**Q** 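Provided herewith is a single structure, encoded as structure tokens, for subsequent inquiry.
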Amino acid sequence: MISRWKRAFIAALAIVAALATAAGAQTLRTTMHSDLKVLDPIWTSALISVDSGYMIYDTLFALDDELAVQPQMVDRYEASADKLTWTFTLRDGLEWHDGQPVTAEDCVASLKRWAARDSMGQKLMSYVAALTAPDARTIHMALKEPYGLVLQTLAKPGANVPFMMPRRVAETDPNTQISDFTGSGPFIFKRDEWRPGEKAVFVRNPRYRPRGEPASGLAGGKVAKVDRVEWIWIADPQTQVDALLKGEIDLIEAPPHDLLPLLAADPNVVLKVTNAPGRQIAFRFNVLHKPFDDARVRQAVAYAFNQNDFLAAVIGDAKWYRECKSLFPCGSPLQSTKAWEDKLGSDFATARRLLQEAGYDGTPIVLMQSTDIVGLSNLAPVAKSLMEKAGFKVDLQAMDWQTLVSRRAKKDPPGAGGWHAFLTSWASVDILDPVATGFLNASCDKAMFGWPCDAELEKLRDAFAKETDPARQKSIAEAVQLRAAEYPTHIQLGQYVQPVAVRKNVTGLLTGPSIALWNIAVR
């Protein structure tokens, strides 16, 4: 038994050590694109929850800055000659924030919970016969038939990301938010300092063992070079910029494009494009309720819209955006305008004809507008204007993004707290093909919010997942575009690039589809 004086001595040493650490501690102060209110990155696909997920959790695989799949928590892996059996061995020394070892059982439970919510995960699991943990470090995946996207799925960089969690957490119902945020990533979430609407705090994880390779994209050695990261929520964009210029914060994740010239003129600030492929804006339908249960009404929206109005309203300077009618990002291998050449041109006559054929009765469209994210706030008013010119009635309902995130999960009728449509954006690397593109998941109740239900789309997505020949993949992707024009799940509204603004005393900012705050030092 430890004596009282010895316990007191140990406690005093701990206080001295803590004070010494605090005295030399480095703090990175950032303003993110949104306030952090939901920390479960499996329950929601919100980007801010993905950003916090990368701070707290780790992944089995990750994409480097060349978008190549690299092992992360996995030490080695192998596939059988017939591609039906995959074996993954975890790295030595992986620990959860509470000091418990990371086990293969934790990872199996995490993959199962993630796959229940994620489009790529669902498709992968439809091919899995068994997912087991024969020992503490080994994950065994047996497939019913070969599947061509195993590693790409496990390295998925954007929502929903297959983050690993302790088994006790991962066994939470996928439709229920977790309340335990224990991870194994490079930072620990300070729940006691979390003030939604004010700030979120993360501290360096002393137990984290980075990989030996240099950091690259979301892969490689995740070395936390600062002791503390503070996400300070500043709702007003001009105030964000003023705070950066004054040195009150170190980084703005998504500065408004109209204020970029002001930032560029300051010698102490650097603008860096960390995600060169950029993002795609999307208008999402809820197909459960009238009138969007009728594909012709959704087609009418595709004819009413034009991309330039949206891009000009939210980005402004054309050097940061491009119109692109392809479902899959322009500049990517599957880029194509097939079946969309005549749409997205504000053809109001065709839109009105389709509404008349569908018997649209003037039901007001409940269009949710996010008001606190500068990259989204101007989109819904543009949509309302164009839809009204086509003959729709639109009920624009303003709310903050996190309220929208919670509401979009509801299947209630629009008049009882539900919704008809909203606008968002996706990282281009998250929508490179029909399986990865979450909004193309048309598996009914298992689909993402909006819940499209179309057997033909699902058949094509299956065919793409099995195909390995690039030419055949291209053909299948074009067939998906054709079907998506007949049965729209969402409307693609162009692409844009978002630079990050950092002060010059901040070094080590990595490139990648999501912002990575490890590898950063503050001088």
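Worth saying up front: this structure is predicted, and the values here are computed from it rather than measured.
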**Q** State the NZ-CG distance between K272 and L251, to the nearest 0.5 angstrom.
**A** 10.5 Å
**Q** Would you give the length of the straight line joining atom CD of E467 to atom CG of L149, rounded to the nearest 0.5 angstrom?
**A**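 The CG atom of L149 is 11.0 Å from CD of E467, to the nearest 0.5 Å.
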**Q** Find the distance between CE (M165) and CD1 (I42) and round it off to the nearest 0.5 Å.
**A** 4.5 Å
**Q** For L111 and L60, what are the C-alpha separation, side-chain angles and deciding distance, and is it a side chain to side chain contact (heavy atoms under 4.5 Å, CB included)?
**A** CA-CA 10 Å; L111 288 172; L60 297 178; 4.0 Å; yes
**Q** Counting only N and O atoms by type, is there a donor-acceptor contact under 3.5 Å from the side chain of S428 to the main-chain atoms of P277?
**A** yes
**Q** Are the side chain of R322 and the backbone N or O of Q495 linked by a donor-acceptor pair below 3.5 Å?
**A** no
**Q** Going by side chain to side chain donor-acceptor pair (under 3.5 Å), D118 matches just one of R113, K123, K156. Which one?
**A**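 The side chain to side chain donor-acceptor pair (under 3.5 Å) with D118 is passed solely by K156 among R113, K123, K156.
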**Q** Under a 3.5 Å distance rule, please check whether N160 uses its side chain to pair with a backbone N or O of T44 as donor and acceptor.
**A**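 Present.
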**Q** Closest approach of W194 and L36, non-hydrogen atoms and distance?
**A**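 Minimum heavy-atom contact is NE1-O, 3.2 Å.
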**Q** Taking H490 as the fixed residue, which of F439, F449, F292 is the one that meets the ring pair (Phe, Tyr, Trp, His ring centres under 6.0 Å) rule?
**A** F439
**Q** May I ask you to check whether Y127 and Y147 place their ring centers less than 6.0 Å from one another?
**A** yes
**Q** Would you call F283 and L367 a side-chain contact if the rule is heavy atoms closer than 4.5 Å?
**A** yes
**Q** Rounded to the nearest 0.5 Å, what separation is found between the CG atom of N519 and the CG atom of L510?
**A**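 The CG atom of L510 is 4.5 Å from CG of N519, to the nearest 0.5 Å.
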**Q** Checking S216 against D64 for the side-chain hydrogen bond (donor to acceptor under 3.5 Å, both in side chains) test, could you report, in this order, the C-alpha distance in whole Å, the side-chain angles of both residues, the deciding distance, and whether it holds?
**A** CA-CA 5 Å; S216 176; D64 63 20; 4.7 Å; no
**Q** Is the NZ atom of K459 crowded by more than 12 outside heavy atoms at less than 6.0 Å?
**A** no
**Q** So does I234 get a backbone contact from the side chain of Q240, meaning a donor-acceptor N/O pair under 3.5 Å?
**A**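 Yes, because the side chain of Q240 sits within donor-acceptor range (under 3.5 Å) of the backbone of I234.
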**Q** If you compare all heavy atoms of L271 against all heavy atoms of P499, which two are closest, and at what distance to 0.1 Å?
**A**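 So the two residues come closest at CB-CB, 4.4 Å.
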**Q** For Q498 and P255, indicate whether the former's side chain and the latter's backbone hold a donor-acceptor pair under 3.5 Å.
**A** yes
**Q** Less than 4.5 Å apart, any side-chain heavy atom of T59 and any of V161?
**A** yes
**Q** Considering only heavy atoms from C-beta outward, does the side chain of L423 approach that of L376 to under 4.5 Å?
**A** no
**Q** Would you indicate whether K474, at its atom NZ, is surrounded by more than 12 heavy atoms from other residues, nucleotides or ligands within a distance under 6.0 Å?
**A**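 Correct, the count exceeds 12.
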**Q** Tell me which pairs pass salt bridge (charged side-chain N to carboxylate O under 4.0 Å, His left out) where either residue lies in residues 278-292, with sequence neighbours left out.
**A**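 Qualifying pairs: K290-D293.
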**Q** With side chains defined as the heavy atoms from C-beta onward, is the minimum distance between P41 and W114 less than 4.5 Å?
**A** no
**Q** Any heavy-atom pair between the side chains of V301 and R298 that's under 4.5 Å?
**A** no
**Q** For a quick test of reading the model, state the closest non-hydrogen atom pair linking L262 to Q238 and the distance between them.
**A**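 Result for this residue pair: CD2-NE2, 4.0 Å.
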**Q** With a 4.5 Å cut-off on side-chain heavy atoms, are R352 and L355 touching?
**A**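 No. Closest side-chain heavy atoms not under 4.5 Å.
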**Q** Under the ring pair (Phe, Tyr, Trp, His ring centres under 6.0 Å) criterion, do Y54 and F187 qualify, and how do the steps go?
**A** CA-CA 9 Å; Y54 275 113; F187 293 94; over 10 Å; no
**Q** How about L379 and L493: do any of their side-chain heavy atoms sit closer than 4.5 Å?
**A** no
**Q** Check the orientation of F181 and F189. Use parallel for under 30°, tilted for 30 to 60°, and perpendicular for over 60°.
**A** perpendicular
**Q** Report yes if the distance between the aromatic ring centroids of W231 and F202 is under 6.0 Å, otherwise no.
**A**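 Yes, ring centres under 6.0 Å apart.
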**Q** Testing the basics here: between G417 and D412, what is the closest heavy-atom pair and its distance to 0.1 Å?
**A** C-CB, 4.5 Å
**Q** Quick one: CZ on F305 to NZ on K389, what's the gap to the nearest 0.5 Å?
**A**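 Separation between the atoms: 12.0 Å.
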**Q** Can you give me the closest heavy-atom contact between I252 and I249, atom names plus distance?
**A** CG1-CD1, 3.8 Å
**Q** Is any side-chain heavy atom of F464 closer than 4.5 Å to a side-chain heavy atom of V480?
**A**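 Counting from C-beta outward, F464 and V480 never come under 4.5 Å.
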**Q** Keeping the roles fixed (side chain from S425, backbone from I281), state whether a donor-acceptor pair exists under 3.5 Å.
**A** no
**Q** Applying side chain to side chain contact (heavy atoms under 4.5 Å, CB included), run through L39 and Q177 and close with a yes or a no.
**A** CA-CA 8 Å; L39 277 106; Q177 292 187 47; over 6 Å; no
**Q** Is there any salt bridge (charged side-chain N to carboxylate O under 4.0 Å, His left out) pair reaching into residues 42-55, and which pairs are they, with sequence neighbours excluded?
**A**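 Listed once each, the pairs would be none.
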**Q** Taking it one step at a time, do V69 and L154 satisfy side chain to side chain contact (heavy atoms under 4.5 Å, CB included)?
**A** CA-CA 9 Å; V69 175; L154 297 179; over 6 Å; no
**Q** Give every residue pair that meets the salt bridge (charged side-chain N to carboxylate O under 4.0 Å, His left out) criterion with at least one member in residues 486-499, sequence neighbours excluded.
**A** R483-E486
**Q** Main chain of A313, side chain of N378: is a donor-acceptor contact present, judged purely on distance under 3.5 Å?
**A**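 Between the backbone of A313 and the side chain of N378 there is a qualifying donor-acceptor contact (under 3.5 Å).
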**Q** Can you confirm whether more than 12 heavy atoms, excluding those of Q356, are under 6.0 Å from its CD atom?
**A** no
**Q** Distance from E388 atom CD to L396 atom CG, nearest 0.5 Å?
**A** 9.0 Å
**Q** Please answer whether the main-chain N or O of C324 pairs with a side-chain N or O of Q492 as donor and acceptor at a distance below 3.5 Å.
**A** no
**Q** Do N441 and Q122 have a side chain donor and acceptor closer than 3.5 Å?
**A** yes
**Q** Using only atom types and a distance under 3.5 Å, with no angle test, would you say the side chain of K112 pairs donor to acceptor with the backbone of M125?
**A**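 No, because the side chain of K112 does not come within donor-acceptor range (under 3.5 Å) of the backbone of M125.
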**Q** Could you go through L386 and N306, starting from their C-alpha distance and side-chain angles, then the distance that decides it, and tell me whether this counts as side chain to side chain contact (heavy atoms under 4.5 Å, CB included)?
**A** CA-CA 8 Å; L386 294 174; N306 73 84; 4.0 Å; yes
**Q** Return yes if some donor-acceptor pair links the side-chain N/O of R503 with the main-chain N/O of L244 below 3.5 Å, else return no.
**A** yes
**Q** Which heavy atom of L263 sits nearest to which heavy atom of A501, and what is that distance?
**A**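 Heavy-atom minimum between the residues: CD1-CB, 3.9 Å.
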**Q** Is it true that R117 and D40 have a side-chain N and a carboxylate O under 4.0 angstrom from each other?
**A**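 Salt bridge flag = no for D40 with R117.
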